[in-house]
Amino acid sequence: MPELPEVETTLRGLEPHCLNRSIIQIDINQPKLRWPIPPQIQLLKNARITAMQRRAKYLIMSTDKGHMIWHLGMSGSMRLLPNQDPGVKHEHVKITFENKTSLRYRDPRRFGALLLTHDDPLLHPLISPLGPEPLSEDFHADYLWQQCKNRKTAIKNVIMHSHIVVGVGNIYACESLFMSGINPKTSALRISRKRIQALVEAIKMVLQQAIEQGGTTLKDFTQSDGKPGYFTQSLKVYANAQNCVQCGHAIKRITQGQRTTYYCPSCQH
DNA sequence: AAAGACACCTGTCCGC
DNA sequence: TGCGGACAGGTGTCTT
């Protein structure tokens, strides 16, 4: 489900309500996520939330007793509800605060994760090898150009690889390639420096706009207040259009790396 | 070192 | 109404 804008939207929605809250109870209804939730998570009882941040698609909640590292996988979402609210199916984790609200983690497919670390969370083995944040200055045309120039694989696979750049999932990969007029199948090393520049700008623009509109709701993503993301209506190619909004040509649907790609064969070369 | 396949899991939708 | 199959927003790990 969630790509970078959806995780960022979740963070921004939760942070004002979670910061400085004290945890009085942790209920694990289903520990079997991508990795089992460590039982030591209970050590965070009576801890206070001191900071929240996003790195790639990981959401990091720091406390005075350790750091929670969350991932939403394909179908995860987080909400705050009144403590007595029964919630819905697949709410695997409930973290109750002293003010009678509780954080609910819901993830029907259970590809997500909740991990615990006492070290610097950015040095965690899942996080330290990650590439630059796409919206940071570290992600620029020279960098992506260097990453592309020796790679024969299709450009879409390159921008979706988290060790190259994080946060670009299937939707926004398709959208940014459309915006920059690049065919997703094009071998990375065959793309000019100038077009790589256009791609970098498109990735930044698409992600930034999606964040501003609260992410994309295809099926069941909701912001932490329960509202859908409004970027859905801005999608140009992904699962939306039969025909290209620019030229009217039929949108083509192919498979790359076991993921569905949508593109316009007329506008994207 | 790079690239591709596979695994994990549930829900939904479509055709018969 | 039921059943089978395809498909879904991710990514670590294993195999070529």
Side-chain angles (χ1 to χ4, degrees), chain A residues 1-11 29-37 54-59 69-78 88-93 105-115 124-131 134 146-177 184-190 203 206-207 210-211 213-223 228-240 253-262:
Chain A
M1 172 207 288
E3 302 188 31
L4 184 148
E6 290 72 39
V7 181
E8 182 68 24
T9 295
T10 299
L11 170 68
N29 302 317
Q30 169 58 278
K32 292 180 182 174
L33 301 183
R34 182 163 196 196
W35 297 279
I37 297 174
R54 178 191 59 73
R55 172 73 173 103
K57 297 172 190 167
Y58 293 95
L59 202 155
I69 300 175
W70 301 84
H71 198 287
L72 301 179
M74 285 280 261
S75 58
S77 59
M78 296 171 95
V88 292
K89 201 177 175 186
H90 300 301
E91 276 184 6
H92 307 316
V93 182
Y105 174 82
R106 175 174 191 261
D107 184 9
R109 291 180 73 180
R110 291 194 270 124
F111 289 171
L114 169 56
L115 300 172
H124 189 277
L126 289 176
I127 294 180
S128 65
L130 294 172
Q146 287 296 320
Q147 292 296 320
C148 284
K149 71 177 189 183
N150 292 319
R151 289 176 203 265
K152 204 180 166 188
T153 192
I155 185 64
K156 187 192 178 216
N157 297 338
V158 172
I159 61 174
M160 287 185 69
H161 189 135
S162 64
H163 290 11
I164 296 175
V165 58
V166 301
V168 184
N170 202 34
I171 296 178
Y172 301 113
C174 291
E175 292 297 314
S176 55
L177 286 163
K185 292 185 293 186
T186 307
S187 176
L189 50 70
R190 290 185 44 244
I203 289 170
V206 166
L207 293 176
I211 290 170
Q213 294 175 50
T216 296
T217 297
L218 284 184
K219 287 184 67 179
D220 53 5
F221 172 76
T222 59
Q223 305 185 47
Y230 299 110
F231 193 69
T232 317
Q233 56 213 53
S234 303
L235 298 176
K236 296 290 189 291
V237 286
Y238 189 91
N240 238 357
R253 177 196 160 116
I254 61 171
T255 299
Q256 290 182 287
Q258 293 119 241
R259 309 301 298 278
T260 302
T261 300
Y262 298 87

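- Residue contacts shown for A/Arg253 are limited to sugar-phosphate atoms, with no base heavy atom under 4.0 Å away.
- DNA chain B forms stems at B:2-8 with C:10-16, B:10-16 with C:2-8, each a run of 3 or more consecutive Watson-Crick or G-U wobble pairs whose two key distances fall under 3.5 Å.
- For B/dC9 and C/dC3, the P atoms lie 23 Å apart once the distance is rounded to whole Å.
- Rounded to whole angstrom, the span from the CG atom of A/Asn170 across to the P atom of C/dC7 amounts to 13 Å.
- Between A/Arg110 and C/dG10 there is no side-chain N or O to OP1 or OP2 distance below 4.0 Å.
- Put simply, CD on A/Gln258 is 17 Å from P on C/dC14, counting in whole angstrom units.
- Heavy-atom distances to DNA chain C give each of A/Tyr262 and A/Ser162 a nearest nucleotide, and the one nearer the 5′ end belongs to A/Tyr262.
- On the nucleic acid side, DNA chain B contacts chain A at distances under 4.0 Å to non-hydrogen atoms, with the end points of that region at B/dA3 to B/dT12.
- Applying the side-chain hydrogen bond (donor to acceptor under 3.5 Å, both in side chains) criterion to A/Gln147, with sequence neighbours excluded, gives A/Arg151.
- The phosphate of C/dG12 has OP1 or OP2 within less than 4.0 Å of a side-chain N or O from A/Tyr58.
- Scored by the salt bridge (charged side-chain N to carboxylate O under 4.0 Å, His left out) test, A/Arg110 finds no partners at all (sequence neighbours excluded).
- The heavy-atom pair separating A/Gly215 from A/Thr9 by the smallest distance is N-OG1, 3.7 Å.
- When heavy atoms are screened at a 4.0 angstrom cut-off, A/Leu33 is found touching no nucleic acid atom at all.
- Side-chain N/O atoms of A/His71 include one lying less than 4.0 angstrom from OP1 or OP2 on C/dT11.
- A donor-acceptor contact shorter than 3.5 Å links the side chain of A/Gln256 to the backbone of A/Pro184.
- Distances shorter than 4.0 Å separate none of the side-chain N or O atoms of A/Lys219 from OP1 or OP2 on C/dA8.
- The NZ-C1' distance, from A/Lys156 to C/dG10, rounds to 12 Å in whole Å.
- Atom CD1 of A/Ile159 is separated from atom C1' of C/dG10 by 15 Å (rounded to the nearest Å).
- From A/Ser128, atom OG reaches atom CZ of A/Arg55 across 9.5 Å, with rounding to the nearest 0.5 Å.
- In this structure, the CH2 atom of A/Trp70 is 18 Å from the C1' atom of C/dG10, given to the nearest Å.
- Separating the CE atom of A/Met160 from the P atom of C/dG12 is a distance of 12 Å, rounded to the nearest angstrom.
- Listed by chain and number, the residues in a side-chain hydrogen bond (donor to acceptor under 3.5 Å, both in side chains) with A/Ser162 amount to none (sequence neighbours excluded).
- In this structure, A/Leu130 atom CG and C/dG10 atom P are separated by 14 Å, rounded to whole Å.
- Side-chain N or O atoms of A/Thr216 include none that pairs as donor or acceptor with a backbone N or O of A/Phe231 at under 3.5 Å.
- Residue A/Arg259 is in base contact, counting any heavy-atom pair closer than 4.0 Å across all strands shown.
- Qualifying side-chain hydrogen bond (donor to acceptor under 3.5 Å, both in side chains) partners for A/Tyr105, counting only residues two or more places apart in sequence or in other chains: A/Asp107.
- Within 4.0 Å (heavy atoms only), A/Arg34 reaches at least one base atom of the nucleic acid.
- Two residues, A/Lys32 and A/Asn150, neighbour DNA chain B, and the one matched to the more 5' nucleotide by heavy-atom proximity is A/Asn150.
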Legend entry - A/Leu4 and A/Arg54: CA distance, side-chain angles, deciding distance, side-chain contact (heavy atoms from CB on, under 4.5 Å) verdict: CA-CA 9 Å; A/Leu4 184 148; A/Arg54 178 191 59 73; 3.2 Å; yes
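- Straight-line distance from the CD1 atom of A/Ile69 to the C1' atom of C/dG10: 17 Å, rounded to whole Å.
- Counting all heavy atoms, side chain and backbone alike, A/Ile203 lies closest to A/Val168 at CG2-CG2, 3.9 Å.
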